[in-house]
Amino acid sequence: MNLKLDLLGDRQRTHYCGELRKAQAGQTVFLAGWVDVRRDLGNLIFLDLRDHTGKTQIVCNPARSAEAHDRAEEVRPEYVVGVEGEVVVRAPGTVNPQLATGEVEVMARTLLVLNEAKTPPFPIEDETKTSEETRLRYRYLDLRRGRMQRNLRLRHRANQVVRAHMAESGFQEIETPFMTRSTPEGARDFLVPSRLHPGHFYALPQSPQLFKQILMISGFDRYFQIVRCFRDEDFRADRQAEFTQIDIEMAFPQRDVLFELIERLIEKLFALVDVKVGRPFRRMPYDEAMERYGSDKPHLGTSLEWRRLHLEPAASEKVRVAQPLKAMRVPGWGGASRSQLDKLQETAKSLGADWFSYIKVTGSEAQSPLAKELGEPALAALAASLEAQPGDLVLLLGLKSAGGRNAFRTLDEASGELRLDIARKLDLLKPGAWNFLWVMDFPMFEYDEKENRFGAMHHPFTSPRDEDMEKLETDPGAMKARAYDLVLNGSEIGGGSIRIHRQDIQRRVFKALGLTEEKARERFGFFLEALEYGTPPHGGIALGYDRIIALMAGESNIREVIAFPKTASAADLMCEAPASVEPEQLDELGLELKSE
RNA sequence: GGGGACGUAGUUCAGUUGGUUAGAACGCAUGCCUGUCACGCAUGAGGUCGCGGGUUCGAAUCCCGUCGUCCCCGCCA
């Protein structure tokens with residue numbers, strides 16, 4: 001690594017490495033980039049020169065330029081070079097059809113070695129088998145790969161689409177602070193200690209929720225932001241500690257207007273990857289999603305669906321199942337083996353659904369473990385009510401006894417998991433389908449059995465439906481919220497609501513959540529105060545941008561569309577964050593570490 | 001917080017029942033080679049078997065602990 005390096009001087013790049021075609025034959029060009037591979041045939045050296053646009057073959061022939069050939073002997077993969085030479089059409093038989101520039105090559109006159117490079121720890125190729133750990137440690141090399149370049153450049157174009165669409169629709173992009181105050185409830189906050197106020201902390205925002213509502217109070221009418229959010233919770237393939245939302249809020253909102261705005265945005269985004277999305281998106285109430293698909297983010301890529309049903313009281317007594325139970329027809333799976341069914345039962349049980357049975361419809365008969373108790377005619381009638389055909393299987397799922405407020409929700413959720421499990425097992429999820437769906441009318445509250453109280457299902461600023469308002473004090477569990485989620489292929493990609501804009505209603509909601517006036521004031525005082533100064537009706541949505549880009553890029557992990565992501569334990573393997581700090585820094589902040 | 005999988009050369013992996021000198025491919029180095037494009041041929045270098053402890057005559061292999069990566073549950077208003 002003590003090669004004499006050349007200077008770029010005032011040389012100007014004339015083309016990118018992916019640009020040259022026959023049309024440029026005869027021109028003198030200057031290309032610059034990284035050496036992808038060197039093929040040294042002794043007295044003839046080929047270099048593939050790479051930049052973000054592609055590759056061009058460089059020929060170093062001593063008969064043309066002994067100097068360039070000498071330089072080429074010294075270069076290695078990932079060296080940074082500049083080449084001046086003539087574009088020549090390749091001789092027939094030496095054309096490379098796999099390369100966009102494969103009909104031409106550059107005959108080098110001058111080869112400038114602008115920088116050398118250590119041998120990279122892994123090859124810079126689209127398809128890599130390299131462990132993610134190594135890729136993240138050397139992220140700068142990983143990002144040189146065409147696939148990562150494409151993902152991040154797609155993200156850039158998506159940013160332009162978002163900004164153009166929102167601006168055209170009258171939305172203002174306004175930045176909100178990253179150093180803000182901790183708001184309890186919700187996710188764990190990341191805290192930033194204050195030097196000027198010892199013992200006090202800023203919190204990084206879980207989302208700019210209150211700021212965007214305040215911007216509505218301030219009369220900005222329509223706001224959006226592509227914004228980083230921070231949540232100190234455990235990671236998943238689709239979750240990072242810091243992630244990006246498209247945050248949107250509008251005054252005097254009509255849900256249908258907002259839906260159309262978002263649907264048109266999604267349509268434009270997916271057009272970037274040549275996906276034509278069908279509008280308007282399907283809509284479904286939460287209750288229906290839970291009954292039919294056992295999920296508040298159903299994957300509609302398979303037609304499998306559940307139905308709630310009631311047996312005759314005497315019958316349910318006999319087979320000892322709580323009412324209602326759930327039934328699902330699985331077309332053509334009447335031949336399911338005993339061990340397959342046993343495994344399903346086991347899965348169901350582990351998910352909290354402890355009553356499991358089935359009916360195999362064969363010809364005119366119905367074969368089932370319940371035949372003895374219920375009699376075959378009753379089972380055949382049950383199967384018929386689900387339109388089961390010969391060769392089908394009917395799955396039955398339930399609870400032995402329904403204890404606790406959330407028992408049937410557990411049953412629904414178990415049924416949803418089982419549905420996906422079967423769909424995957426039987427390969428029923430059609431690839432290449434883009435099933436967008438609005439899930440609406442979420443419950444306003446959900447009951448926390450551990451804490452023995454209600455909690456906000458969306459967040460405490462979500463408006464109840466007007467017609468449910470009087471249930472606030474009498475039956476909060478039955479209230480529906482003006483909240484909605486956007487779902488794509490079983491993945492939640494956005495969520496929002498029409499907010500509470502009246503202080504009196506906000507107070508009543510806090511009360512239903514068990515928040516005393518005092519507590520509410522302590523936590524959200526500034527916001528409650530703002531509500532008192534003429535707050536317009538408003539509402540909005542936040543879209544999970546990393547997930548959307550990942551789905552567009554065909555990646556199953558959002559780390560593939562984030563330039564510098566963190567590992568599952570929230571570490572940055574490249575810069576080795578988090579890291580310890582000097583005692584002086586702690587001292588300045590008035591902090592002291594607990595010794596273990 | 002819990003469960004599962006993984007950790008051996010620069011990389012991706014193999015490594016039998018615990019056995020003597022830990023292998024392969026790619027990459028790398030050196031030499032030869034004027035039409036290669038996964039260049040070819042020859043030679044060679046390269047190992048804290050994640051780390052610590054234990055069992056054993058003997059440990060990459062068995063046991064305990066620990067660290068790291070990935071996936072899942074909890075968690076994520």
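Naming convention: chains lettered A, B, ... in sequence-line order (proteins, then strands); numbering from 1 in each chain. Side chains are part of it too, since the values below use all heavy atoms of this structure and drop only hydrogens, waters and symmetry mates.
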(message) Could you tell me how far apart Glu127(A) (CD) and U12(B) (C1') are, to the nearest whole angstrom?
(response) 15 Å
(request) Quote, to the nearest angstrom, the C1' distance that separates U12(B) from G7(B). (result) 13 Å
(request) Name the closest nucleotide to the Glu132(A) side chain, picking from C72(B), U12(B), C70(B). (result) C70(B)
(request) Using the closest heavy atom to pick a nucleotide of RNA chain B for each, name whichever of Asn557(A) or Arg231(A) lands nearer the 5' end. (result) Asn557(A)
(request) Return the nucleotide paired to U16(B): Watson-Crick means purine N1 to pyrimidine N3 with N6-O4 or O6-N4, wobble means G-U with N1-O2 and O6-N3, both under 3.5 Å. (result) none
(request) For G65(B), give its Watson-Crick or G-U wobble partner with both distances under 3.5 Å, or none. (result) C51(B)
(message) Can you see whether Thr347(A) engages Ser350(A) through a side-chain donor-acceptor pair at a distance of less than 3.5 angstrom?
(response) no
(request) Pick the C1' atom in A25(B) and in C33(B), then give their distance to the nearest Å. (result) 24 Å
(message) Rounded to whole Å, please give me the gap between NZ in Lys129(A) and C1' in A24(B).
(response) 13 Å
(message) Taking C32(B) as the reference, what is the distance to C71(B) when you measure between their C1' atoms (whole Å, please)?
(response) 50 Å
(message) If the cut-off is 4.0 Å, is Thr567(A) near the phosphate of G68(B), judged by side-chain N/O to OP1 or OP2?
(response) no
(message) In this structure, how many angstroms lie between the C1' atom of U69(B) and the NZ atom of Lys566(A), rounded?
(response) 16 Å
(request) Can you tell me, in whole Å, how much space there is between the C1' of A60(B) and that of U20(B)? (result) 15 Å
(message) Please report the distance, rounded to the nearest Å, between CD in Glu78(A) and C1' in U11(B).
(response) 14 Å
(request) Write down the partner of U11(B) under the Watson-Crick or G-U wobble criteria, each distance required to be under 3.5 Å. (result) A25(B)
(message) I need the CG-C1' distance between Asn406(A) and G74(B), as an integer number of Å.
(response) 15 Å
(request) Return the orientation label for the Phe461(A) and Phe527(A) ring planes: parallel under 30°, perpendicular over 60°, tilted otherwise. (result) perpendicular
(request) Kindly indicate whether the side chain of Ile226(A), heavy atoms from C-beta on, has any atom under 4.5 Å from the side chain of Tyr545(A). (result) yes
(request) Assign each of Ser207(A) and Ala568(A) to its nearest nucleotide of RNA chain B by heavy atoms, then name whichever residue's nucleotide is nearer the 5' end. (result) Ala568(A)
(request) Please measure how far the P atom in G68(B) lies from the corresponding atom in G10(B), and state the result in whole Å. (result) 22 Å
(message) Using a 4.0 Å heavy-atom cut-off to protein, can you give one letter per nucleotide of nucleotides 28-37 of chain B, 5' to 3': B if the base is in contact, S if only the sugar-phosphate is, - if neither?
(response) SSS--BBBBB
(request) Examine the side chains of Gln506(A) and Arg499(A) and answer whether a donor and an acceptor come within less than 3.5 Å of each other. (result) no
(message) Could you tell me how far G23(B) sits from G47(B) if I compare only their P atoms? Round to whole Å.
(response) 13 Å
(request) Indicate the ring-plane relationship of Tyr140(A) and Tyr138(A), choosing parallel, tilted or perpendicular according to the 30° and 60° boundaries. (result) perpendicular
(request) If A42(B) has a Watson-Crick or G-U wobble mate with both distances under 3.5 Å, name it; if not, just say none. (result) U30(B)
(message) For a quick check, tell me whether the side chain of Arg137(A) and the base of G68(B) share a donor-acceptor pair closer than 3.5 Å.
(response) no
(request) Report yes or no: do Gln57(A) and Asn96(A) form a side-chain donor-acceptor pair below 3.5 Å? (result) no
(request) Describe the nucleic acid contact of Pro121(A) in one word from base, sugar-phosphate, nothing, applying a heavy-atom distance below 4.0 Å. (result) sugar-phosphate
(message) Which residues pass the side-chain contact (heavy atoms from CB on, under 4.5 Å) test with Glu19(A), not counting sequence neighbours?
(response) His15(A), Tyr16(A)
(request) Find the partner of A60(B): check Watson-Crick (N1-N3 plus N6-O4 or O6-N4) and G-U wobble (N1-O2, O6-N3) distances, both under 3.5 Å, and reply none if neither fits. (result) none
(message) Going by the rule salt bridge (charged side-chain N to carboxylate O under 4.0 Å, His left out), which residues pair with Asp36(A) if we only count those two or more places apart in sequence or in a different chain?
(response) Arg50(A), Lys55(A)
(request) Please check the phosphate of C71(B) (OP1 and OP2 only) for any side-chain N or O of Arg559(A) closer than 4.0 Å. (result) yes
(message) Measure CG/Asp126(A) against C1'/A38(B) and give the value in whole Å, please.
(response) 15 Å
(message) Roughly how many Å apart are A24(B) and A9(B), using the P atom of each and rounding to a whole number?
(response) 14 Å
(request) Return the value, rounded to whole Å, for the distance between atom CZ of Phe122(A) and atom P of G10(B). (result) 15 Å
(request) Please state whether the phosphate of U11(B), meaning OP1 or OP2, lies under 4.0 angstrom from any side-chain nitrogen or oxygen of Thr128(A). (result) no
(request) Decide whether Asn452(A) and Tyr447(A) meet the rule of one side-chain donor and one side-chain acceptor closer than 3.5 Å. (result) yes
(request) Whole angstrom is fine here: how far is it from CD in Glu576(A) over to P in C67(B)? (result) 17 Å
(message) Suppose you measure atom C1' in G19(B) against the same atom in C37(B); what distance do you get, rounded to whole Å?
(response) 48 Å
